[in-house]
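Reading through the structure tokens given below for one structure.
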Amino acid sequence: MPRRRTWRRIRRVAYCVFGVGIGLPLIAFWIAYLLLDVRSPQDVLASLDKTVVLKYSDGSELLKVPPAEGDRLFVPYAKVPEKLRDAIIATEDPTFWDNAGFDPTGIGRAFLTGVGGGSGITQQYIKKSTGDDDATIGRKLEELVLATKITQQQSKEQIFESYVNIISFGRGTFGPAAAMNAYFGRNLDDSMTWSEAAFLAGMIQSPSVHDPAVSGDAHAAKRWDYVRNKVVERGYVKGADAAAMAYPGAEIQAPSETRASRLTYDEYHVKQQVLAELEQDGFPLSRLQQGNLTVQTTLDRGAQAAARSSLADRLKGEPKEFRGGLVSVDPSTGAVRAYDGGDNGVRDYAGSEHAAGSAFYPFTLAAGLRKGISPDQPVPAPDRVSFLGEEFVYPNRCGKPCTLRGAMASGADTPFIGLAGKVGPDALSETARDAGIPETINGARTLREKDGYLIGSGIAVGRYPLRPLDLAGAYASFADGGLRTTPHLVEKVLDQNGEVVWQHDNTAKPAFDADPGVSKRIADGVTGVLQTALPDGRPAALRTGEFQHGDSTDNQDGWAIGYTPQLATAVWIGSDDDRRLFDATGAKLVGATVPADVWRVFMTQTHKSLPVRWNSPVLMPPGIKPGVPFQRGPGS
């Protein structure tokens, strides 16, 4: 009897637990089902009629992102070209016509982790219509309820119509008609080609990134190729139509919002970079507009003006093909204090990729230091050296005996190619990544061949392209004594009342070793080799470098990247078409001339109001402790 009673109690408890576990969620679901409603696309479009304000770090206004006039024309389902419908569905939600409106796997992932969750077209519509893209369990539950409700109340055609009219295709556009006009200058009709349809469908995932005016044609073509493969794999395009598809690069128009309209090119680059970052953090432009949100950037008003003037003034007398970009980062937080992508057109030179060349050698040095190699031990400096099957020929500029310190100062190449062979390509790639070079840039893996996997011989000579933004952030790890942060232009997002909705996490962590002391030793070793001084005598570190054009001895890219404990700044000088460059005197472009001139002027201007600070013992005079401000006297 006692045993029977025990089992009865256990069963009752089990029934209660089961009832609570199943019954309460069902009750909550149906209450939410009754209370929650999906907004109409017309209501959503009306709510997008708000200006988003971007501010400097001090709270003063940087620029405004007004709603695009006339770019929210509603297009009925029947007027959306079939090619575009198919391309969007093939890319965004291949099971759209058959699914229940939500992804059970994504919902389950949100329950388990509190983040993430895949989204098809129905869920994307709900996110855009509510203006809420937070990856939380509560939001996922609301999404589940609304996805179920809209699927029961509307046809798939109605859902697609609502979705395609409120999504952004970039350039301030919402809906396919505005997008077709913005990118191709044509009305939306059945004359649309498969190539155009694939391009527009590719914009939806991340329009602030995939626009060729932002990331360049090479990146946009990769995204287009991804969509093309989807429509072919899923049978929407076959035979001759598939063979005829080609990336429509020459047909894509430049953005119309620069110069003749509201923004200068350098302002446009800042706006695009900020919006792309916000998109990655879950705040697309539509959410900012619907929430009437304000964005406080990390940009310093004075530093931004110094970047603009130092670049523009130095390039005035140079050949017309010269282009430049500058990024300056606070090493302790990763906050970007200055960002100038140039004022020559829609291409952003601070946010596009260029071959790093010998400006990559500090990462090779850091990889050697991790292996216990001293910068002062003698190293070979031959005229010829092989690495991964490629032979490199450079003049011997290093003295005897040659050391890595001497090679860096003299501009010798072969000692660093030899060091790359000693540490190995994997260790070299890992060290650069640990310093802060991102794993991917716009979806493509960095420091790899075109296949995205193989590390080729080019890593030894900086052949793989990197952005000034990333190089400034990676050098910042040396500046902050081996602590790494993530470069960012957005500090926080504020609501209408000035309350913080979201804020960037500025947490720093050791870059080169779990032991902060070891990481600092490596960073200080690099700083010691790069040490220099600003024109006012302030201690700093600087590496100038170049990347050669083809098989010639002339250069197509020039770099000056250096730092103090307060700012790490990267300056790139090059051209639009990777040609051999010669400055106004007829001399070939090198990092020590035009790029270094820009770097010194910018760093001198921005440090005028900053105390001298020493983070590395190699930059400290006797008696000064690391990290302690030291204000020099007038005569020092």
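Looking only at side-chain heavy atoms (C-beta outward), L419 and I373 come within less than 4.5 Å of each other. Residues D495 and L293 form a side-chain contact, since some pair of their non-hydrogen atoms from C-beta on lies under 4.5 Å apart. Inter-residue side-chain proximity for T297 and E491 is flagged as unmet; no heavy-atom pair is nearer than 4.5 Å. R467 has its side chain out of reach of S352: every pair of non-hydrogen atoms, C-beta onward, lies at least 4.5 Å apart. Between Q548 and Q556 there is no side-chain heavy-atom pair separated by less than 4.5 Å. Using a 4.5 Å cut-off on side-chain heavy atoms (C-beta onward), L275 and L288 make contact.
Using modelled atom types, one finds no donor on one side chain facing an acceptor on the other under 3.5 Å when comparing T298 with R337. For the residue pair Y464/E449, the side-chain donor-acceptor check at 3.5 Å is satisfied.
Under the salt bridge (charged side-chain N to carboxylate O under 4.0 Å, His left out) criterion, R448 pairs with no residue, sequence neighbours left out. Not counting sequence neighbours, D557 has no partner by the salt bridge (charged side-chain N to carboxylate O under 4.0 Å, His left out) test.
Smallest separation of non-hydrogen atoms from T564 and A479: O-CB, 3.7 Å. Closest heavy-atom contact between W599 and G562: NE1-N, 3.4 Å. For V501 against L494, the heavy-atom pair with the smallest separation is CG2-C, 4.1 Å. Counting all heavy atoms, side chain and backbone alike, V53 lies closest to T294 at O-CG2, 3.5 Å. Residues M408 and R543 come closest through the heavy atom pair O-NH1, 3.0 Å. Looking at every heavy atom in both residues, F387 comes nearest to I417 through CB-CG2, 3.9 Å.
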task = Take E277 and H488 through the side chain to side chain donor-acceptor pair (under 3.5 Å) test and state the conclusion after the steps.
result = CA-CA 8 Å; E277 189 176 304; H488 57 282; 5.7 Å; no
ask   = Given the rule in the salt bridge (charged side-chain N to carboxylate O under 4.0 Å, His left out) test, do D536 and K608 qualify, once you have shown the distances and angles that lead to the verdict?
value = CA-CA 9 Å; D536 64 358; K608 282 179 181 177; over 6 Å; no
message = Between D343 and H269, is the side chain to side chain donor-acceptor pair (under 3.5 Å) condition met? List the steps.
response = CA-CA 9 Å; D343 201 26; H269 301 145; over 6 Å; no
request  = Take F478 and F512 through the ring-ring contact (aromatic ring centres under 6.0 Å, His included) test and state the conclusion after the steps.
outcome  = CA-CA 10 Å; F478 301 136; F512 306 108; 5.8 Å; yes
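Here the options are Y339, W572, F322, Y265, the test is ring pair (Phe, Tyr, Trp, His ring centres under 6.0 Å), and the partner is Y349; only W572 passes. When each of L278, V52, V295 is tested with F283 by the rule side-chain contact (heavy atoms from CB on, under 4.5 Å), just one qualifies, namely L278. Applying side-chain contact (heavy atoms from CB on, under 4.5 Å) to I522 and the options D434, L365, L369, T527 leaves one that passes, L369. Each of K55, Q503, H504 was evaluated against K492; a single residue qualifies, Q503, per the side-chain contact (heavy atoms from CB on, under 4.5 Å) test.
Judged purely by atom type and a 3.5 angstrom limit, E353 has no side-chain atom pairing as donor or acceptor with the backbone of T446. With hydrogens and angles disregarded, no donor-acceptor distance shorter than 3.5 Å links the side chain of S519 to the backbone of P510. Between the T606 side chain and the M603 main chain, a donor and an acceptor come within less than 3.5 Å of each other. Looking only at distances, a side-chain donor or acceptor of D300 sits under 3.5 Å from a matching main-chain atom of G302. For R323 (side chain) and S575 (main-chain N/O), no donor-acceptor pair under 3.5 Å exists by modelled atom type. Here the side chain of N497 pairs no donor or acceptor atom with the backbone of E499 at under 3.5 angstrom.
We find the CZ-OG1 distance between R484 and T507 to be 12.0 Å, quoted to the nearest 0.5 Å. One distance of note links CD of Q377 with SG of C402; it measures 11.5 Å at 0.5 Å rounding.
At a threshold of 4.0 Å, the pair R521-D524 does not count as salt-bridged, since none of the basic side-chain nitrogens sits closer than that to a carboxylate oxygen.
The ring of F392 has its center no closer than 6.0 angstrom to the ring center of F416.
Judged as a salt bridge (charged side-chain N to carboxylate O under 4.0 Å, His left out), the pairs with a partner in residues 388-414 (not counting sequence neighbours) are, in order, D376-R405, R384-E391, E390-R463, R397-D413.
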